[in-house]
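Shown next, in structure tokens, is the structure this report addresses.
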Number of protein chains: 2
Amino acid sequence: MSSVQMPEIAPNFPSSAVQQAISIEAGRQCKGKLWSNLTEVCDLLHIPFNASMAGGELLFQHVQFKTGQRIHTSGQRFDSLCIVNSGFLKTVSIDECGNEQVLSFPMKGDLLGVESIYTKKYFSDTVALSDCNLILLPFKRLAALGHAHAEIENAIYEMLSRELVRKQMMVNMLGAPNAEARVAGFLVSLSERYSEIGYSKTMFTLRMTRNEIGSYLGLSLETVSRTLSALHEIGLISVDQRVIRIKELDLLKLLRRIPSSKSRTGRLKAGKSPSIIKWPQLVPGSLVN
Amino acid sequence: MSSVQMPEIAPNFPSSAVQQAISIEAGRQCKGKLWSNLTEVCDLLHIPFNASMAGGELLFQHVQFKTGQRIHTSGQRFDSLCIVNSGFLKTVSIDECGNEQVLSFPMKGDLLGVESIYTKKYFSDTVALSDCNLILLPFKRLAALGHAHAEIENAIYEMLSRELVRKQMMVNMLGAPNAEARVAGFLVSLSERYSEIGYSKTMFTLRMTRNEIGSYLGLSLETVSRTLSALHEIGLISVDQRVIRIKELDLLKLLRRIPSSKSRTGRLKAGKSPSIIKWPQLVPGSLVN
DNA sequence: CGCGCGTTTGAATCTAGTCAAGCTGGGTGG
DNA sequence: CCACCCAGCTTGACTAGATTCAAACGCGCG
């Protein structure tokens, strides 16, 4: 890589005060990779993209954070999306009374800051739970890239949509009636995400405290602890401090959905008419493409 | 209670003539169908867009649904996003056990089906809670439009991002510790959304049952009813069946965040380092733009 | 070694769920 | 026109489950 490609990155925008200078040479001295190209970025996001065609030479900067450091704070001006390249984080929202609520636990391949596209400011605080390596995706640059290449544009849409799918699934989990179901759901989703990024799906270490899990799930830390102990007791998992071993993944998945007895909300009626899918009076061809 | 409101739109259609030509504010007639152009669509979404430049002649079809009808079902192939032009709906997810959970209550200006861009299938069921008028946005057509015009492309990004912001705020509400806070938050958000689309922010009719509210908030229908009664008792609101009058909006907003006593999760520590915002090792200008 | 943090576990309290009964209002059919 | 029905809503009593307060433990770290 040469520094020739870099200037494109540096536009004439008023730079915000938080940034510190470091030369590219100094960057090279640091451990790990400092730049990624588009192919690597798409790989990370599991987005199919044929890199040979476009943008192969474009580079995106990495940034390093150490445990406990704050990546960005709510209200800060929005510049860049971030992709987690390695490490574990949490995002929290802090209301006017100082109450904190954990909103997500991003890990490798996750995207940070998507809500900020609309609000123009970062919408939550993001904190590193471990040493982290993030890739910056300056949004305007990304959008420009998308505008030039339809594949990339589509990839961006899918990226954003996927974030929504994940939030949706989180809402599902939070809607669970009891602590057991929520914790089970939490463990299952962790298991799936770990396995997606190459870790074991049956044994992993929690990167967050019980307090943070509780905040995320809308439970007290004691309830989280008790529920984990209970699941251990039953034999579905084994818990040793932060180390979780899942023994009965299928049962755990079942637990996530079946509360104790009957359906939580009873049966919600669809309304008067039967559940027949009707698209009334569509003009032929108006839907397709 | 006589059903109030719906002053402007009032879609009281004869059951047979669904597509009868009724002059709905945003919509023109063509071959007996209703259509909207891009300007009207952007207006509806509150997205700034100078229509004179592009796509002014493109038309998007309206579809009508009657109370109880199902707009689409989970798993169905994804074709189109929908914008709510008038009416009220709910989206629900149904798990393998048949449990239903209400995920959202879309109303005028809301966008349906965003998660489906990623999954390629509709991700939840959508049901009309009242007679509805929706505008179809065939996604591929929309994307093509965006690709041709950067402003539209950007509008799409903002649209998607905004959906995420809303989901985020819903997660916040669901994370509330007690029923009071959740119901208060629900009422406040309804109030804000109603006022955004031109209704009174202090008096409105609930379009959904207590059961549906409970499903949405993760509470039983009895708890919803009791909480509403309690808020009525205190004098913060008045409840008469489905008609809500908000008397102390500020107090309600306060209630939404301050539970009973202390912060729910205690104080979540940021980690070892203080909450100073640090962006280590940034190349100057790499963040901006 | 002691300190602090995170965790576990127990006991008391209280919130919200469950079950059940009664009420209301809109719609239907005699 | 009225009686009836039914879905939705309210309210009460009881109970299960979660929070709160409190104490004690393990572990890493200065």
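Letters A, B, ... mirror the listed sequences (proteins, then strands); counts begin at 1.
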Shortest non-hydrogen contact between A:A179 and A:T227, atoms and distance: CB-OG1, 3.9 Å

Is the base of C:dT18 touched by the side chain of B:R226 through a donor-acceptor pair closer than 3.5 angstrom? yes

Between C:dG6 (C1') and A:L221 (CG): distance, integer Å: 9 Å

Given A:S104, which of A:D110, A:T91, A:T126 fulfils the side chain to side chain donor-acceptor pair (under 3.5 Å) condition? A:T91

B:E222 CD to C:dC19 C1': how many Å, rounded? 8 Å

Could you tell me how far apart A:L228 (CG) and C:dG6 (P) are, to the nearest whole angstrom? 16 Å

Given atom CD of A:Q241 and atom P of C:dC5, what is their separation to the nearest angstrom? 16 Å

Would you mind reading off the distance between B:L206 atom CG and D:dG8 atom P, rounded to a whole angstrom? 14 Å

Find the distance A:E180:CD to D:dA16:P and express it as a whole number of Å. 15 Å

A:L174 CG to D:dA18 C1', in whole Å, measures 16 Å

Over 60° means perpendicular and under 30° means parallel, so tell me whether B:Y194 and B:Y199 are parallel, tilted or perpendicular. perpendicular

Measure from the side-chain heavy atoms of A:R242 and tell me the nearest of C:dT18, D:dT10, C:dG6. C:dG6

Rounded to the nearest Å, what distance is computed from the CG atom of residue A:D240 to the P atom of nucleotide D:dC25? 18 Å

Between B:S229 and D:dT11, does any side-chain N or O lie under 4.0 Å from OP1 or OP2? yes

Taking atom types as modelled, find out whether B:R193 and B:S195 have a side-chain donor-acceptor pair closer than 3.5 angstrom. no

If you check the A:T223 side chain, which of C:dT7, D:dA18, C:dA16 turns out closest? D:dA18

Give a yes/no on whether any side-chain N or O of B:R210 is located under 4.0 angstrom from OP1 or OP2 of D:dG8. no

